[in-house]
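Every value quoted in this text rests on a predicted model; they were computed, and no experiment measured them.
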Amino acid sequence: MRRLRDRLAGALLSALALTLTATGCAGSSGASSGASSGASSGAGSGAAAPSAAEPVANRVEPLGRRPEPRLPVTVRSADGERVTVDRAERIVPLSGSLSEIVFTLGLGDRVVARDVTATFEQAAKLPVVTRGHDVSAESVLSLRPDLVIAETTTGPEEAVGQIRAAGVPVLFVEAAKGLADVGPRIGAVADALGVPAAGKELTRRSEQRIEAVRKGVPHGKEPRVAFLYLRGSASVYLIGGEDSGAGSLIEAAGAVDAGAASGLGKDFTAITSEALAEAAPDAILVMSKGLESVGGVDGLVRIPGVAQTPAGMDRRIVSVEDGVLLNYGPRTDQVLKSVVAQLYGEAGAK
């Protein structure tokens with residue numbers, strides 16, 4: 001989710017001026033019953049009624065055997081620096097996705113702080129030291145970390161520089177863009193923690209589980225799915241294009257990224273009736289909090305242009321929890337399974 005927030009930062013500023021002038025778009029409190037289930041009810045003619053999929057588990061599943069780090073190690077950081085890790089007793093991952101990897105490797109008891117996007121149960125009681133793209137060097141350093149793990153999009157640069165200047169190793173990991181990044185990100189974290197064998201094991205497990213879900217995707221007509229980023233409280237409504245980060249997930253679910261297919265080359269574009277008509281989605285993928293922010297499915301279809309799409313007419317909405325949708329990590333198989341089940345109903349829930 002951090003990767004998405006950072007990518008959206010520029011798009012939000014430019015889109016806000018446009019979307020504030022839209023009528024009938026103001027978000028309302030409280031999601032509809034369709035939103036709370038993660039899928040809408042009452043699909044119209046010509047579309048299979050989506051099922052309410054089981055939500056993605058709010059816990060990570062650590063490897064069966066807890067690995068013992070073999071340190072020191074020297075690894076190449078994604079920013080080009082060589083980083084030597086002498087100890088890993090006090091780890092601070094600066095994104096929810098990176099926290100998920102550390103915990104799933106079996107080293108969660110060494111994590112001493114979290115980013116606000118680390119929403120899974122095992123991390124819930126840890127102190128929050130970052131909120132989105134807002135690292136507090138003072139908060140991080142106060143915890144006396146042995147290692148800080150950051151995304152290449154983590155910032156501000158000055159804060160990260162202060163942490164490094166204090167002598168704390170900072171490892172940058174390439175931000176996730178799609179399913180192909182699951183293994184490399186796990187490997188980068190595992191190598192830095194001195195547990196490369198556990199990294200290979202977790203990579204195999206994650207990729208095998210993703211592939212198992214992909215094999216169960218129903219064959220036939222590929223639905224067009226548009227990824228919408230919604231923040232009703234700020235009247236921000238965006239449609240994802242080629243670089244939104246959702247494309248590989250949509251394609252793995254046997255669908256077509258409607259935004260990219262309609263020619264949206266940017267990451268995000270302000271929603272207009274014309275853009276939605278061109279995308280012509282059969283289903284709409286959203287984050288659960290974004291859906292809630294516009295008043296659930298009922299509020300979503302009131303956004304100009306949505307009701308006129310096949311997805312809007314059939315109320316075919318796929319909703320996944322914000323903190324895990326685009327993490328591309330150890331729980332991505334569950335995300336994909338939820339998307340498939342909501343897209344295809346009972347046929348895709350098996």
Heavy-atom pair with the smallest gap, counting every atom of [X] and [Y]:
X: R110; Y: A88; value: NH1-O, 2.8 Å
X: P145; Y: V92; value: CB-CG2, 3.7 Å
X: Y328; Y: S248; value: OH-OG, 3.5 Å
X: A159; Y: V135; value: CB-O, 3.4 Å
X: V148; Y: I163; value: CG2-CG2, 4.0 Å
X: V306; Y: T309; value: O-OG1, 2.7 Å

Kindly say whether [Y] contributes a backbone atom to a donor-acceptor pair with the side chain of [X] at under 3.5 angstrom?
X: S139; Y: V129; answer: no
X: R316; Y: L343; answer: yes
X: T152; Y: A175; answer: yes
X: D322; Y: S288; answer: yes
X: T203; Y: G199; answer: yes
X: R76; Y: G80; answer: yes
X: R164; Y: V170; answer: yes
X: D191; Y: A188; answer: no
X: R114; Y: A123; answer: yes
X: E100; Y: R331; answer: yes

Would you call [X] and [Y] a side-chain contact if the rule is heavy atoms closer than 4.5 Å?
X: E138; Y: Q162; answer: yes
X: F227; Y: L326; answer: yes
X: V182; Y: I186; answer: yes
X: R185; Y: L98; answer: yes
X: V335; Y: L325; answer: yes
X: V168; Y: V140; answer: no
X: R90; Y: L143; answer: yes
X: L336; Y: R214; answer: yes

As an exercise, state the distance from [atom1] of [X] to [atom2] of [Y], rounded to the nearest 0.5 Å.
X: D79; Y: L171; atom1: CG; atom2: CG; answer: 8.5 Å
X: D115; Y: E151; atom1: CG; atom2: CD; answer: 9.0 Å
X: E278; Y: L264; atom1: CD; atom2: CG; answer: 8.5 Å
X: I284; Y: D282; atom1: CD1; atom2: CG; answer: 10.5 Å
X: L147; Y: L193; atom1: CG; atom2: CG; answer: 6.0 Å
X: E207; Y: L202; atom1: CD; atom2: CG; answer: 9.5 Å

Subject >> Step-by-step side-chain contact (heavy atoms from CB on, under 4.5 Å) determination, D109 to R66 >> reply: CA-CA 11 Å; D109 59 334; R66 185 179 185 277; 2.9 Å; yes
| message | side-chain contact (heavy atoms from CB on, under 4.5 Å) for V294 and R302? Distances and angles first, verdict last. | response | CA-CA 9 Å; V294 297; R302 286 196 292 269; over 6 Å; no
- request: Could you give me the CA-CA distance, side-chain angles and deciding distance for V102 and I91, then say whether side-chain contact (heavy atoms from CB on, under 4.5 Å) is met?
  value: CA-CA 9 Å; V102 176; I91 306 167; 4.3 Å; yes
Given side-chain contact (heavy atoms from CB on, under 4.5 Å), test S244 with Y229 step by step and report yes or no. CA-CA 10 Å; S244 73; Y229 181 83; over 6 Å; no
- Item | Evaluation steps, salt bridge (charged side-chain N to carboxylate O under 4.0 Å, His left out), between E61 and R209 | CA-CA 13 Å; E61 180 189 347; R209 290 180 175 183; 3.0 Å; yes
So if you build clusters from Ile, Leu, Val, Met, Phe, Trp, Tyr with side-chain heavy-atom gaps below 4.5 Å, do V256 and L228 land together?
no
**R82 atom CZ, over 12 foreign heavy atoms within 6.0 Å** =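 Enclosed: over 12 neighbouring heavy atoms sit under 6.0 Å from CZ of R82.
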